[in-house]
Student: 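I am attaching a structure below and will ask some questions about it afterwards.
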Amino acid sequence: MSGNQPDRQARRTASDGRAELVLDIERVLGLATRQAVRAEFRFDPEAPWVVSVELGIEGGPHVLWRIGRDLLHQGLHSVSGLGDVRIWPARSADRATARLQLTSRDMAALFELPVPPLAEWLAHTYELVPAGHEIDWDAATADLLQEPRAHCD
């Protein structure tokens with residue numbers, strides 16, 4: 001991050017178990033050129049595989065991306081992702097950051113994210129729905145093994 005402003009952040013968990021994190025991040029436009037971006041990360045325990053990320057600039061457009069929760073988590077520690085979404089750890093001015101690259105058709109954007117608040121928030125999502133518990137396998141198997149029901153019309 002450029003150091004021009006602190007990483008404002010807010011973490012909330014709603015009564016329905018949804019977790020949200022709001023971060024001020026930066027879009028990397030060039031070697032010394034950055035653009036302030038507001039990133040709103042949302043996690044819904046009903047869809048625990050993905051994190052929704054809404055990116056927007058003040059007074060400008062907003063875009064919504066859905067990123068795999070595990071991909072996002074892994075990218076804070078090592079290179080993660082292929083194709084449209086890639087994330088990897090970086091260091092910037094003695095701070096732990098990560099680079100997030102989003103690609104769509106003929107356009108790409110590179111963002112710099114502060115690792116500590118994002119890592120803490122992701123850990124919270126894994127407390128809500130632990131890794132490996134995204135699917136209730138007992139319920140799914142029971143549904144598959146049920147006798148077919150006869151339909152009378």
Student: Sequence neighbours excluded, which residues qualify as side-chain contact (heavy atoms from CB on, under 4.5 Å) partners of E40?
Tutor: V22, R38, R42, E54
Student: Parallel, tilted or perpendicular, judged at 30° and 60°: which one describes the rings of F41 and W121?
Tutor: tilted
Student: Which ring pair (Phe, Tyr, Trp, His ring centres under 6.0 Å) pairs, counting each pair once, include a residue from residues 81-105, with sequence neighbours left out?
Tutor: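 Those involving residues 81-105 do not exist here.
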Student: What residues form a side-chain hydrogen bond (donor to acceptor under 3.5 Å, both in side chains) with R86, not counting sequence neighbours?
Tutor: none
Student: Quick check: closest heavy atoms across P48 and R69, and the distance to 0.1 Å?
Tutor: O-NE, 3.2 Å
Student: Determine the minimum heavy-atom distance between L21 and P117, stating which atoms define it.
Tutor: CD2-O, 3.9 Å
Student: Flag the pair L113 / I87 as yes when at least one side-chain heavy-atom distance between them is below 4.5 Å, and no otherwise.
Tutor: yes
Student: Determine whether R99 and E112 satisfy the following criterion, side-chain contact (heavy atoms from CB on, under 4.5 Å), listing intermediate values before the conclusion.
Tutor: CA-CA 5 Å; R99 296 283 175 100; E112 190 168 280; 3.0 Å; yes
Student: Give me the other members of the hydrophobic cluster that L82 sits in, counting Ile, Leu, Val, Met, Phe, Trp and Tyr linked by side-chain heavy atoms under 4.5 Å, directly or via other members.
Tutor: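 Via sub-4.5 Å side-chain contacts, L82 links to none.
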Student: So, for Q101 and L110, which heavy atoms are closest and what is the spacing to 0.1 Å?
Tutor: CB-CD1, 4.1 Å
Student: Please enumerate all residues that pass side-chain contact (heavy atoms from CB on, under 4.5 Å) together with Q74, with sequence neighbours excluded.
Tutor: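 Partners of Q74 by the side-chain contact (heavy atoms from CB on, under 4.5 Å) criterion, ordered by chain and then number, come out as S78, S80.
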Student: Contact between R34 and R27 at the side-chain level, heavy atoms closer than 4.5 Å - yes or no?
Tutor: no
Student: Is V63 linked to V85 within one hydrophobic cluster, defined over Ile, Leu, Val, Met, Phe, Trp and Tyr using a side-chain heavy-atom separation of less than 4.5 Å?
Tutor: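 Same cluster: V63 reaches V85 through Ile, Leu, Val, Met, Phe, Trp or Tyr contacts under 4.5 Å.
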Student: Applying side-chain contact (heavy atoms from CB on, under 4.5 Å) to L118 and L76, what does each step give before you reach the verdict?
Tutor: CA-CA 9 Å; L118 186 53; L76 299 181; 4.0 Å; yes
Student: Quick one: pull up CD in E127 and CG in L122 and give me the separation to the nearest 0.5 Å.
Tutor: 11.5 Å
Student: If you apply the rule side-chain contact (heavy atoms from CB on, under 4.5 Å), what do you find for V129 with W49, and how did you get there?
Tutor: CA-CA 10 Å; V129 179; W49 301 278; over 6 Å; no
Student: Test of understanding: with ring pair (Phe, Tyr, Trp, His ring centres under 6.0 Å), list the residues that count as partners of H62, not counting sequence neighbours.
Tutor: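 Result, ring pair (Phe, Tyr, Trp, His ring centres under 6.0 Å) vs H62: none returned.
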Student: Restricting to non-hydrogen atoms, name the atom on V115 and the atom on A98 that form the minimum distance, rounded to 0.1 Å.
Tutor: CG2-N, 3.7 Å
Student: Quick one: hydrophobic cluster around M107, which other residues, with the 4.5 Å side-chain cut-off, linked directly or via members?
Tutor: none
Student: Consider only side-chain heavy atoms of I, L, V, M, F, W and Y, link residues closer than 4.5 Å, and tell whether L55 and L64 are in one cluster.
Tutor: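 Hydrophobic grouping puts L55 apart from L64.
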Student: For A19 versus L128, what's the shortest heavy-atom pair and its separation?
Tutor: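 Taking every non-hydrogen atom into account, CB-CD1, 4.0 Å.
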Student: Are any non-hydrogen side-chain atoms of D84 and S104 less than 4.5 angstrom apart?
Tutor: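 A side-chain contact under 4.5 Å is absent here.
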Student: On a heavy-atom basis, which atom in G81 and which in L71 lie closest, and how many Å separate them?
Tutor: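 It is CA-CD1, 3.6 Å.
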Student: Identify whether V79 and L72 are in the same connected component of the hydrophobic contact network (ILVMFWY, side-chain heavy atoms under 4.5 Å).
Tutor: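 Result: no, two separate clusters.
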Student: Would L100 end up clustered with V28 when hydrophobic side chains under 4.5 Å apart are linked, directly or stepwise?
Tutor: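 In one cluster with L100: V28, no.
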